[in-house]
Q: 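Dropping a structure here in structure tokens format, bear with me for questions.
Order of the sequence lines sets the chain letters (A, B, ...), proteins ahead of strands, with each chain counted from 1. These values consider heavy atoms only, across backbone and side chains, with no hydrogens, waters or symmetry-generated copies. None of the values given here were measured: they were computed from a predicted structure.
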There are 2 protein chains.
Amino acid sequence: MKASLKRPDTRSAVFEAAATAFAEHGFDGVSVDDIAQIAQVNKAMIYYHFADKLALYRAVVGDMLDSVGAAVTEIAESSTSPTDKLDRFIDRFVRLAETRPWFPTLMLREISAGAPHLDLETFAKIRIVFGAFAQILAEGQTAGVFRSVQPMLAYTTVIGPLLFNVARERMAAVPGRRNLPMFVDIPHADLIAHVQLAARRMLEPR
Amino acid sequence: MKASLKRPDTRSAVFEAAATAFAEHGFDGVSVDDIAQIAQVNKAMIYYHFADKLALYRAVVGDMLDSVGAAVTEIAESSTSPTDKLDRFIDRFVRLAETRPWFPTLMLREISAGAPHLDLETFAKIRIVFGAFAQILAEGQTAGVFRSVQPMLAYTTVIGPLLFNVARERMAAVPGRRNLPMFVDIPHADLIAHVQLAARRMLEPR
DNA sequence: GTCTATACTTCGATAGAC
DNA sequence: GTCTATCGAAGTATAGAC
């Protein structure tokens, strides 16, 4: 008995192929033909499951942001000290980036370009991530363990170094650059410890 | 008497048009036709002055890096305290970004993409910028006013937030996003003061 | 749901006249 | 140095058979 010609997982095959390809080469750098080839799917099927290239892209970004938002919200609402929550926020961010390497890469590319492919719906998801951070910050300020800072400046100080390091690792991945002193290998444990320390000192009340 | 048909400034017109356009839309997002139109120059003239699109791009990036490298090297070699040099490094970086808005934007885009358009010659210029920072750091460590840190981690902590904020400002520039809480206006003076404070605290020996 | 074929557009680059 | 015209490749999207 022959198996059904239907492939119920066509959509997810397209989805995963798009996620990795977009992260690697950006929105403009990936053609729909590329995605079809990676997913082992006919190109017309992509247009059957998604309205167009942009809708597919937004689906990928939105899905990632939902995961990250849920993860950091859980940390913000857990029952430890604000300082510990901050440490865990940083740690979780780096660990998520290890599990889904395309997530920080894709987001970094997008925001560096001025986020031309994101709509307000996507920004609402981003806001949840920032909101979790701001919640931790406010809790610490109320408790008197954090000083008063503009939340976005504090967020910038934490996320900026993490994203910059993602970019550094990506640049180092190109053959022939490994020996450049800029691209020394920095273990993620060191990165996490350093950002945690810098964040804690930044927020110390004096 | 008719003026000469020659336009000795054709090359620089192309150069400036390319700089702003590449920063705004990235390498792939700008066509040679676009540059020709902005510069009010015939497209074939671009290929007369530059080998190809990539060579033009690298010329733009290289020129910017030369300027920044010279500026920060001057600071590193000046005769003030390491702490003051660090403050001035941060201040100068933001001020240069104001004078030539396309510089940080373009660099951020490029490194976010994994720097696929940069060659080793360009990395040598980048290294000069990082080298100036590392020199300030080492001087402070020798003097005992800075703690021991991996230079690239320290650099990341300073540059990361600055570049992240550039991206934030660019995203906020799109109509309809201004009212989003993520995109509150942060005066550059506040940004500078905040990063200076965070950097100083990060490097405090304890 | 799946595939082939193709219409339509944009882009990088060059040939060759002046 | 300057310009016109154009080639050839690549990309998005759709029409329409099965």
Side-chain angles (χ1 to χ4, degrees), chain A residues 1-61 106 109-110 113 116-119, chain B residues 1-62 106 109-110 113 115-119:
Chain A
M1 195 206 272
K2 207 178 101 192
S4 168
L5 285 180
K6 281 193 193 180
R7 274 186 47 188
D9 58 339
T10 292
R11 187 189 169 94
S12 57
V14 170
F15 191 95
E16 295 200 11
T20 54
F22 280 137
E24 190 69 18
H25 305 107
F27 184 81
D28 290 336
V30 175
S31 69
V32 179
D33 289 276
D34 291 338
I35 297 173
Q37 194 193 353
I38 297 172
Q40 295 279 51
V41 156
N42 188 282
K43 176 165 69 163
M45 288 308 296
I46 296 179
Y47 287 96
Y48 176 78
H49 285 288
F50 299 92
D52 54 19
K53 188 184 174 183
L54 183 59
L56 170 57
Y57 183 84
R58 284 179 178 162
V60 168
V61 174
L106 186 48
R109 280 192 98 115
E110 183 62 28
H117 309 113
L118 304 187
D119 51 10
Chain B
M1 195 207 269
K2 203 176 106 199
S4 168
L5 286 179
K6 281 193 192 180
R7 275 184 49 187
D9 58 338
T10 292
R11 187 189 169 95
S12 57
V14 170
F15 192 94
E16 296 201 12
T20 54
F22 280 138
E24 191 68 18
H25 305 107
F27 184 80
D28 290 338
V30 175
S31 69
V32 180
D33 289 277
D34 290 339
I35 298 172
Q37 195 192 351
I38 297 171
Q40 294 280 50
V41 157
N42 189 280
K43 176 164 76 160
M45 288 308 295
I46 295 179
Y47 287 96
Y48 176 78
H49 284 289
F50 299 92
D52 53 19
K53 188 183 174 184
L54 183 58
L56 170 56
Y57 183 83
R58 283 180 179 161
V60 169
V61 173
L106 186 48
R109 279 192 100 114
E110 183 62 28
H117 309 112
L118 304 187
D119 52 9

Q: Check the distance between dT2(C)'s P and Arg11(A)'s CZ and give it to me in whole angstrom.
A: 13 Å
Q: Expressed in angstrom and rounded to an integer, what is the separation of Leu54(B) atom CG from dG12(C) atom P?
A: 12 Å
Q: Separation of Ile46(A) atom CD1 from dT14(D) atom P, in whole Å?
A: 13 Å
Q: Can you list every pair that meets side-chain hydrogen bond (donor to acceptor under 3.5 Å, both in side chains) and has a residue in residues 17-31 of chain A, with sequence neighbours left out?
A: Ser31(A)-Asp34(A)
Q: Is any side-chain heavy atom of Val32(A) closer than 4.5 Å to a side-chain heavy atom of Tyr47(A)?
A: yes
Q: Does Phe50(B) have Arg11(B) sitting over its ring (NZ/CZ under 6.0 Å from centre, angle to axis within 45°)?
A: yes
Q: Which nucleotide in the list dC3(D), dC3(C), dG12(C) gets nearest to the side chain of Met45(A)?
A: dC3(C)
Q: Can you work out whether Lys53(A) or Tyr48(B) has the more 5'-proximal nearest nucleotide on DNA chain D?
A: Tyr48(B)
Q: Give the minimum heavy-atom separation between Ile38(A) and Ala17(A), together with the two atoms involved.
A: CG2-CB, 3.7 Å
Q: Take atom CG of Asn42(B) and atom C1' of dA15(C), then tell me their distance rounded to the nearest Å.
A: 14 Å
Q: Check each residue of residues 15-33 of chain B for a non-hydrogen atom within less than 4.0 Å of any atom in DNA chain C, then write out the ones that pass by number, or none.
A: Val30(B), Ser31(B), Val32(B)
Q: Given atom OH of Tyr47(B) and atom C1' of dT6(D), what is their separation to the nearest angstrom?
A: 14 Å
Q: Rounded to whole angstroms, how far apart are CD on Gln37(A) and P on dG11(D)?
A: 11 Å
Q: By nearest atom, which of the nucleotides dG1(D), dC3(D), dA13(C) is closest to the His49(B) side chain?
A: dG1(D)
Q: Which residues pass the side-chain contact (heavy atoms from CB on, under 4.5 Å) test with His117(B), sequence neighbours left out?
A: Phe27(B), Leu54(B), Tyr57(B), Glu110(B)
Q: Do you know which of Asp9(B), Val60(B), Ile35(B) makes side chain to side chain contact (heavy atoms under 4.5 Å, CB included) with Phe15(B)?
A: Val60(B)
Q: Closer than 4.0 Å, any side-chain N/O of Thr10(B) to the OP1 or OP2 of dT2(D)?
A: yes
Q: Using whole Å, what does the distance between atom P of nucleotide dA13(D) and atom NZ of Lys43(A) come to?
A: 9 Å
Q: Using atom CZ of Phe50(A) as one end and atom C1' of dG1(C) as the other, report the distance to the nearest whole Å.
A: 15 Å
Q: With side chains defined as the heavy atoms from C-beta onward, is the minimum distance between Thr10(B) and His49(B) less than 4.5 Å?
A: yes
